[in-house]
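Numbers here are sequence positions counted from 1. Any value given below was found using the heavy atoms of this structure, including those in side chains, with hydrogens, waters and symmetry copies removed. One-based numbering, in listed order, for ligands and for the atoms of each.
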Amino acid sequence: MHKVILDVDTGIDDAIALIIALGAGEIELLGITTVSGNVHVEQSTRNTLRLLKFLGREEVKVYKGSSGPLDRPLVDASQIHGSNGLNGQLEDLEDYPGVQGDAIDFYKESFNRYPGEVTLVMTGPQTNLARLLREAPETASRIKAVIAMGGALRVPGNHTPLGEFNIMTDPMAAYENLHAGIENFTLISLDVTLKALIVEEDFDQIRNPALKEFLLRLLDRYMDRYETKNQVRAVPMHDPLTLLYLLNPGILKVEKHYLTVEFQSLFSDGHTICDYLGQYQRRPNAYVPVAIDRDAFKREFIKRLNQSGDVL
Ligand code: RIB
Ligand code: CA
């Protein structure tokens, strides 16, 4: 069993990662924390609560987190995820549960109650973890593992030429988290998430018709964008791959290297710099993905969505 906290900026692919988490029998989901990223935290919190209501899982606890990056204004991704962050889905769901409290307080309570047992899976900007570690730096040694979607190591960024969106939104937070002494920190970067491609026909394998319909509605605009650029109706599943790595580590090959983030540059802010050759001669501080088994990813993705669909 994995004790997990899921930190999200729900968003389209965050929502799919959450659906997978809810159906994974080996995950004990302690709670979900929200952050500003794809959309403002008010909206990402609302989306998360509505999704839980839609899935009949109102018992899962949600804790609201940071409304913006540590040191700069929020630049959201509503142009990609839609103005409500879920491509307009679930807007009609008015009656949904409330938040249980503040994300940072929940982090402190959880990591202190279960020292060395909790894995933090982050699929948005890393602001909440940075704020926790500023307030309680001793917590770093009590976190079992961090698995975070973010970064562009040997590929171009998707938000700026060098910046991937999650890291680029709050690069100072990512920098501080990477240098806080967390022993087991894995960054799932665009290098592999862009290869975690799901094509529209793959959803024909989803058994639960209501889930299949919801996913296709959630993703149609995302796929339109991808098709315009790449002439195929497909979507890179950034956040689902991040969660699936916890459930099936064999999907990725990782290596430990020194990794840092630029956050004080005019043009390369948000650049994730991986020292593959040890040229800085600094202690490796993070695991980075160097290869993906694309077939294994796709099998696991469909299997896990059907597992979730069977219990909805
Ligand atoms: O760059 C991809 C990441 O940015 C994903 O987590 C997506 O949800 C957006 O937050
Ligand atoms: Ca996300």
Side-chain angles (χ1 to χ4, degrees), residues 5-21 32-41 43-48 51 62 65-69 74-87 89 103 120-129 146-171 173-174 177 186-198 215 218-219 221-223 225-226 229 234-246 261 269-272 288-289 292 297 301:
I5 294 173
L6 193 51
D7 189 274
V8 296
D9 61 335
T10 310
I12 290 172
D13 55 333
D14 305 73
I16 300 174
L18 175 53
I19 291 169
I20 291 172
I32 303 169
T33 52
T34 57
V35 69
S36 283
N38 288 323
V39 288
H40 188 273
V41 69
Q43 188 62 39
S44 65
T45 304
R46 189 176 299 122
N47 289 341
T48 304
L51 186 62
V62 176
S66 307
S67 58
L74 172 67
V75 176
D76 71 26
S78 51
Q79 76 284 5
I80 294 171
H81 293 259
S83 58
N84 85 328
L86 290 178
N87 191 29
Q89 302 307 303
L120 175 59
V121 178
M122 294 195 284
T123 61
Q126 299 189 16
T127 316
N128 288 336
L129 179 56
V146 170
I147 304 174
M149 193 279 138
L153 305 181
R154 290 170 158 154
V155 294
N158 61 357
H159 200 52
T160 61
L162 292 170
E164 173 280 326
F165 178 78
N166 286 339
I167 303 296
M168 183 67 215
T169 298
D170 196 344
N177 294 337
T186 304
L187 193 72
I188 308 294
S189 64
L190 291 180
D191 304 71
V192 290
T193 67
L194 287 172
K195 294 176 181 173
L197 267 186
I198 295 295
L215 291 170
L218 189 64
L219 288 164
R221 184 170 164 207
Y222 214 114
M223 281 195 266
R225 283 176 64 93
Y226 192 89
K229 288 182 184 172
V235 281
M237 288 282 88
H238 309 289
D239 296 344
L241 174 62
T242 304
L243 182 80
L244 288 175
Y245 175 66
L246 173 66
V261 178
D269 252 15
H271 187 195
T272 36
V288 298
I292 177 173
F297 161 72
F301 180 81

Please report the C-alpha distance between Thr10 and Thr34 in whole Å, then the side-chain angles of each, then the deciding distance to 0.1 Å, and finally whether the side chain to side chain contact (heavy atoms under 4.5 Å, CB included) criterion is met. CA-CA 8 Å; Thr10 310; Thr34 57; 5.6 Å; no
Side chain to side chain contact (heavy atoms under 4.5 Å, CB included) between Val35 and Asp7, worked out: CA-CA 7 Å; Val35 69; Asp7 189 274; 3.9 Å; yes
Does the side chain to side chain contact (heavy atoms under 4.5 Å, CB included) test come out yes or no for Leu153 and Val288, once each step is laid out? CA-CA 9 Å; Leu153 305 181; Val288 298; 3.6 Å; yes
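Atom CG of Asn166 sits about 7.5 Å away from atom CG of Asp14, to the nearest 0.5 Å.
Less than 4.0 angstrom separates some heavy atom of Asn158 from each of these atoms of ligand 1: 1 (O), 2 (C). Near His238, meaning under 4.0 Å from one of its heavy atoms, ligand 1 places the atoms 2 (C). Taking every heavy atom of Phe165 and a limit of under 4.0 angstrom, the matching atoms of ligand 1 come to 1 (O), 4 (O), 9 (C), 10 (O).
Among protein heavy atoms, atom 8 (O) of ligand 1 sits closest to Asp13 OD1, 2.5 Å. Looking from atom 9 (C) of ligand 1 to the surrounding protein, the closest heavy atom is Asn38 OD1, 3.1 Å. The closest protein non-hydrogen atom to atom 1 (O) of ligand 1 is Glu164 OE2, 2.5 Å. Taking atom 6 (O) of ligand 1 as the reference point, the nearest protein heavy-atom neighbour is Asp239 OD1, 2.6 Å.
Taking all atoms of both residues into account, the shortest heavy-atom contact from Pro236 to Tyr226 is CD-CD1, 3.8 Å.
Side chain of Asp9 to main chain of Val41: no donor-acceptor pair is present (N/O by atom type, distance under 3.5 Å, no hydrogens or angles). Side-chain N or O atoms of Asn158 include one that pairs as donor or acceptor with a backbone N or O of Phe165 at under 3.5 Å. Counting only distance, with no hydrogens or angles, the side chain of Asn84 and the backbone of Gln43 share no donor-acceptor pair below 3.5 Å.
With a 4.0 Å cut-off on non-hydrogen atoms, His81 touches ligand 1 through its side chain and not its backbone. Proximity of Asp9 to ligand 1, defined as any heavy-atom pair under 4.0 Å, is confined to the side chain (atoms from C-beta onward). Contacts with ligand 1 closer than 4.0 Å are made by no heavy atom of Thr193, backbone or side chain.
For the side chain to side chain contact (heavy atoms under 4.5 Å, CB included) with His238, the qualifying choice from Ile188, Thr123, Leu194, Val192 is Leu194, the only one to do so. Screening Asp191, Leu190, Leu162, Ile167 for a side chain to side chain contact (heavy atoms under 4.5 Å, CB included) involving Thr272 leaves a single residue, Ile167.
Proximity of Ile12 to Asn87: side-chain heavy atoms (C-beta onward) are separated by under 4.5 Å at one or more points.
The count of protein N, O or S atoms under 3.0 Å from the Ca ion (ligand 2) stands at 5, with waters excluded from the count.
Any N or O atom pair closer than 3.5 Å counts here, and Thr123 shares at least one such pair with ligand 1.
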